[in-house]
Each structure stands twice: as structure tokens, then as C-alpha cells.
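Down below is the structure, laid out as C-alpha cells.
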Amino acid sequence: MSNSDGPMGQRDIPGHPRYAGIATFALLPRIEDVPHADVAVLGIPFDAGTSYRPGARFGPAHIRECSRQLHPYHQTHDVHPFAVQQVADAGDLGVTPYDIAAAVSSIEFAASEYNERGTRLVVLGGDHTIALPLLRAVAKRNGPVAVIHFDAHLDTWDTHMGASLWHGSPFRRAAEEGLLDRTRCVHVGLRGGVYDKGELEADGVLGFQVIRADDFQAQSIADVVSRIRDRVGAGPVYLSVDIDVLDPAFAPGTGTPEPAGLTSRELFGAIRGLVGLDVVGADVVEVAPAYDHAGVTGLAAAHTAWEIIALMATGAAASGGLAR
Ligand code: MN
Ligand code: MN
């Protein structure tokens, strides 16, 4: 399909199997091949901020390989996410593994350029450090945003071994910098890695409410969704998904796995429930393929990115085509 007929969709040529050829995300066109992208899938292979098992720098390539089976129609939303908005693969951003501050600056610069062109990013990480520069870029364009943060961990810690920029601190730094609307942020799936109660209290001051992984046991997905929506309200939303929000059974390939997490059905149900929100940017981070088995984690991450793109598509479809 040429662009004059609407967005260029997946390269799904009869006689050319999905497993053949070079993998772009979901077999989408490369960004160089479209005049404008409403949504760009961008890999950021950076993991110098990890505190435990390294390897998320190999996440973007793995997620792309695991995205070949994504199809063009979303049954729940009744939408063709690649037809109502132009989605393209922007490849990987090359950032230095030797200097976290320099990497964070170059991510902020590149993300701001996309946003200024009216392109929303769905970023494949990479460790969670990258959420900080991505939030700087979206806040520059939209003002302070709500954050819906799916993660086993708080990621509002302060310094670690003298470092202020690491994968446990992006949301503290973002709150300090005024990038977050402190009345509209929420963690979903929290369970692990807390030293003492004071960390939870400090987290609340930074603007976050907490929905625990255990809450998915006591409440329905619909109940959890309404709690998220009550917290977030209207206005621009940034969606950040650390794949370790899933139970290690569904996502073993990650740096800091925590038992008793969400199922992929619970995660997708929660994301689908956010239909109609103004999602201005998103990331799917912490996929470390060296610890994956049979692509389980890569598949979960690819489908999570697809759910987010579909969510953005529901906004585009509602506004009669291309948003923003
Ligand atoms: Mn985590
Ligand atoms: Mn995280």
C-alpha cells in the first residue's frame, strides 16, 4: 500500500513467510521508507544502568525477532493499529555504553526530535534508566505527564553506589525535575526489592500510588483498571512497562526477576482497559535475552509493545485518522 492510500502497513507478501528476511518490528516499514510516522518503534540498546544481571542491551534485537508473528487486526479494540496511524520501525539509537550521563543526554536529544516532528515513541529497551530522558522529551512537548508504571519495583530510589542515574532512579529524577504530574502517577504490579517502609512513603511524596501484584488476586482486572483510570484521569499519559512486572514464568529473561508477578493476560487486560487515554509515549524495558528461554520473554515484550500501539490507535481512530 502506498502512502497516498494511507499508512504503509506490514510487509506481508504472499509467498514470503513471516520468518524470512530482516526483522523490523512487526514487519513494519523502516522509518526512512515513510514520509511521516505517527508512531515510531525505537530500540535503545543501553544497559549500563543495571544493578544486577546485565544484558538488556540485546533487548531490542530480540524483541524484533519475536515480533514477526504480530498480525494487523486487534480483536479486542476492533482496530487495525497499522492502518489508522502510520507506524514505522526507527531502528536502534546508538548510545555509548561507557558514560551514563552522555547516553541519557543523547537519548533525550533524539527523542525530542521525534516528538517535535509529531512522532510518538514506543521504545524497546534497554534498561529502565532510559525512561528519564524519554520523560524529559515528552514533558518538553506536553508539560508534566501522568506515568503508569508497570514494574515489580519502585524505581524511585535515589543514588546507588554514588550514581544518581541508574535503572532504579528514573522516576525519582523525573519527579524532581518536574516532569511528572504528581497527582496522577501510579505503579502497577509492585512487589519486590524494598529495604524498608520509608521507601514506600518517599515514593508517595514523589507522586505515586501503588497497585500491588497481589491486588490482581484479590480484585478483577476491571477493578484494577478503574483504580488506574481514577488515578490518571484525563490528560497526557506516559506508559512505562518493565517486563519484570510479569512473573518469571512469563518473563524469565530480565535482569531482576521477582516471583509472584502478573500473568501476561493480566498485563494485557490492564493495558487494554486504558482505551481512550492520551498516550504520548511509552517504553517496554529490561528484556535481557541471555536469560530467556524459547523467546518467552521476547514474545511477551513484543506483544506488550503491540498492545500499546493498538491503544494509541484507538485514539487515532476516534479522532478520525492521524492524531497529533
Ligand atoms: Mn523492575
Ligand atoms: Mn524498572
Side-chain angles (χ1 to χ4, degrees), residues 44-57 59-60 63 100 103-104 107 122-135 147-160 163-175 179-180 185-195 199-200 202-203 206-216 238-264 266-267 270-271 281-292 297-298 300-301 304-305 308:
I44 303 187
F46 171 85
D47 65 2
T50 49
S51 56
Y52 198 58
R53 306 196 299 201
R57 67 180 61 180
I63 297 168
I100 296 179
V104 162
I107 294 165
V122 176
V123 168
L124 311 176
D127 77 48
H128 225 150
T129 312
I130 66 177
L132 174 62
L134 296 171
L135 280 164
V147 169
I148 304 174
H149 172 220
F150 291 90
D151 201 321
H153 308 100
L154 288 167
D155 292 5
T156 53
W157 289 291
D158 198 345
T159 56
H160 183 59
S164 66
L165 301 173
W166 61 294
H167 78 156
S169 71
F171 301 107
R172 173 178 289 258
R173 299 284 93 84
L179 312 177
L180 310 186
C185 295
V186 60
H187 302 292
V188 186
L190 184 73
R191 57 196 185 276
V194 173
Y195 287 89
E199 292 177 356
L200 298 169
D203 180 76
L206 292 167
F208 284 88
Q209 279 186 357
V210 172
I211 295 173
R212 298 182 175 284
D214 289 346
D215 293 354
F216 282 83
Y238 186 87
L239 212 57
S240 188
V241 182
D242 183 326
I243 206 67
D244 73 26
V245 74
L246 294 176
D247 191 90
F250 299 88
T254 192
T256 48
E258 298 281 353
L262 271 56
T263 66
S264 37
E266 287 163 344
L267 175 62
I271 295 173
D283 61 62
V284 182
V285 296
E286 300 286 355
V287 173
Y291 319 104
D292 202 6
T297 315
T304 300
I308 294 167

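Below, all heavy atoms of this structure are taken into account, side chains as well, without hydrogens, waters or symmetry copies. In each ligand, atom 1 is the first atom listed, and ligand 1 is the first ligand listed.
- Using modelled atom types, one finds a donor on one side chain and an acceptor on the other under 3.5 Å when comparing Ser51 with His167.
- Atoms of the protein (N, O or S only) found under 2.8 Å from the Mn ion (ligand 2) are His128 ND1, Asp151 OD2, Asp155 OD2, Asp242 OD2.
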Decide yes or no on side chain to side chain contact (heavy atoms under 4.5 Å, CB included) for Cys185 and Gln209, but give the supporting numbers first. CA-CA 6 Å; Cys185 295; Gln209 279 186 357; over 6 Å; no
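- Side chain to side chain, Asp155 and His153 fail the donor-acceptor criterion of an N or O pair below 3.5 Å.
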Verdict with reasoning, Asp283 to Ser240, per side chain to side chain donor-acceptor pair (under 3.5 Å): CA-CA 5 Å; Asp283 61 62; Ser240 188; 2.7 Å; yes
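- Residues passing the ring pair (Phe, Tyr, Trp, His ring centres under 6.0 Å) test with His149, sequence neighbours excluded: His128, Phe171, His187.
- Remark: Arg57 fails to qualify as a cation-pi partner of Phe46 under the 6.0 Å distance and 45° angle criteria applied to the six-membered ring.
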